[in-house]
Amino acid sequence: KAGVTQTPRYLIKTRGQQVTLSCSPISGHRSVSWYQQTPGQGLQFLFEYFSETQRNKGNFPGRFSGRQFSNSRSEMNVSTLELGDSALYLCASSLGTSGQETQYFGPGTRLLVL
Amino acid sequence: GENVEQHPSTLSVQEGDSAVIKCTYSDSASNYFPWYKQELGKRPQLIIDIRSNVGEKKDQRIAVTLNKTAKHFSLHITETQPEDSAVYFCAASINNAGNMLTFGGGTRLMVKP
């Protein structure tokens, strides 16, 4: 099976712009979770989508949003970018049937905000 | 919400020695505890996990122990090798909450040949 893929792999944006990141889960996986990884804050949960519905949400401002399509692919959007949004954004997929499943991570999208 | 603390933040061992990384969690409802290894520039990869109905789990050189009463769990790596050098993350999640992992701050393990 192909692994989790994310596009693009690298992005450079300027403050105030918006950005959309994409995640394609492993075939058959219906849950997609997004995480932000920074040197200072570590790995932080953003949100989880399951069957096109947001099932969980972390403690991030409303500038961070996401959606999931019928094929389980997910996108996350960050509007009005700030310097502090520079990070590695990771998505992870799992079957979605319980909270005790292995989550498989994608390679991440590295976002730099100038 | 859940809070996971991980210690130490860095750990240096000689090849062949054992390494132990410890994590504590705050929410007694947490019942799934995975450990991820992240090499430089790579994605986190699951190396072992444990569920709350089990006290210990072992996979070759890697073992994890869970103490639900004390709310802590540990990763043990025996006979360390240079390729074990990486950042290790512990995490916790609550079964009924879907897939929402709360991660510890990470431990940078360096294995000296």
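Here the structure is a predicted model, which means the values were calculated and not measured. The figures that follow rest on heavy atoms only: side chains count, while hydrogens, waters and symmetry mates do not. Order of the sequence lines sets the chain letters (A, B, ...), proteins ahead of strands, with each chain counted from 1.
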(message) Heavy-atom count check: over 12 atoms from other residues, nucleotides or ligands less than 6.0 Å from A:Arg110 CZ?
(response) no

(request) For residues B:Arg43 and A:Gly106, report the shortest heavy-atom separation together with the two atoms involved. (result) CB-O, 3.2 Å

(message) Sort by residue number and list every residue of residues 5-34 of chain A having at least one heavy atom under 4.5 Å from chain B.
(response) A:Ser31, A:Ser33

(request) Step through the shown structure and confirm whether more than 12 heavy atoms of other residues, nucleotides or ligands are within 6.0 Å of CG on B:Leu40. (result) no

(request) Would you mind checking which part of A:Gln44 comes under 4.5 Å of any heavy atom in chain B, side chain (CB onward), backbone (N, CA, C, O), both or neither? (result) neither

(request) List the atom of B:Asn99, the atom of A:Asn56, and the distance in Å for their closest heavy-atom pair. (result) N-ND2, 4.1 Å

(request) For side-chain contact (heavy atoms from CB on, under 4.5 Å), just list the numbers for B:Phe89 and A:Leu43, CA-CA rounded to whole Å, side-chain angles, deciding distance to a tenth of an Å, and then say yes or no. (result) CA-CA 9 Å; B:Phe89 292 96; A:Leu43 274 158; 4.0 Å; yes

(request) Identify which part of B:Leu101 has an atom lying under 4.5 Å from any heavy atom of chain A, answering side chain, backbone, both or neither. (result) both

(message) Side-chain heavy atoms nearer than 4.5 Å, only ILVMFWY residues, links allowed to pass through others: does that put A:Leu95 and A:Phe50 together?
(response) no

(request) Answer with yes or no whether the hydrophobic clustering places B:Phe73 together with B:Tyr88; edges join I, L, V, M, F, W, Y residues whose side-chain heavy atoms lie under 4.5 Å apart. (result) yes

(request) Start with the C-alpha distance between A:Phe105 and B:Tyr36, add both sets of side-chain angles, then the distance that settles ring-ring contact (aromatic ring centres under 6.0 Å, His included), and finish with yes or no. (result) CA-CA 10 Å; A:Phe105 281 85; B:Tyr36 283 86; 5.2 Å; yes

(request) Measure B:Gln38 against the heavy atoms of chain A and call it side chain, backbone, both or neither at under 4.5 Å. (result) side chain

(request) Answer yes or no: does atom CZ of A:Phe47 have more than 12 heavy-atom neighbours from other residues, nucleotides or ligands under 6.0 Å? (result) yes

(message) Please determine whether the number of non-hydrogen atoms from other residues, nucleotides or ligands lying under 6.0 Å from atom CD of B:Gln45 exceeds 12.
(response) no

(request) Would you mind checking which part of A:Tyr35 comes under 4.5 Å of any heavy atom in chain B, side chain (CB onward), backbone (N, CA, C, O), both or neither? (result) side chain

(request) Tell me, with the steps shown, if B:Met100 and A:Lys57 meet side-chain contact (heavy atoms from CB on, under 4.5 Å). (result) CA-CA 8 Å; B:Met100 181 173 66; A:Lys57 188 178 189 306; over 6 Å; no

(message) Do A:Tyr104 and B:Val87 land in one hydrophobic cluster if side-chain heavy atoms of ILVMFWY residues count as linked below 4.5 Å?
(response) no

(message) Is B:Pro34 in contact with chain A via its backbone, its side chain, both, or neither, using a 4.5 Å heavy-atom distance?
(response) neither

(request) Name the region of A:Leu90, side chain, backbone, both or neither, that has any atom closer than 4.5 Å to a heavy atom of chain B. (result) side chain

(request) Check the surroundings of atom CG in A:Asn71: do more than 12 heavy atoms from other residues, nucleotides or ligands lie under 6.0 Å from it? (result) yes

(message) Taking atom CD as the centre, does B:Glu83 end up with more than 12 heavy-atom neighbours from other residues, nucleotides or ligands that are less than 6.0 angstrom away?
(response) yes

(message) Is there a path of hydrophobic side-chain contacts, each under 4.5 Å between heavy atoms of I/L/V/M/F/W/Y residues, joining A:Phe64 to A:Leu112?
(response) no

(message) Around atom NZ of B:Lys22, are there more than 12 heavy atoms from other residues, nucleotides or ligands closer than 6.0 Å?
(response) no

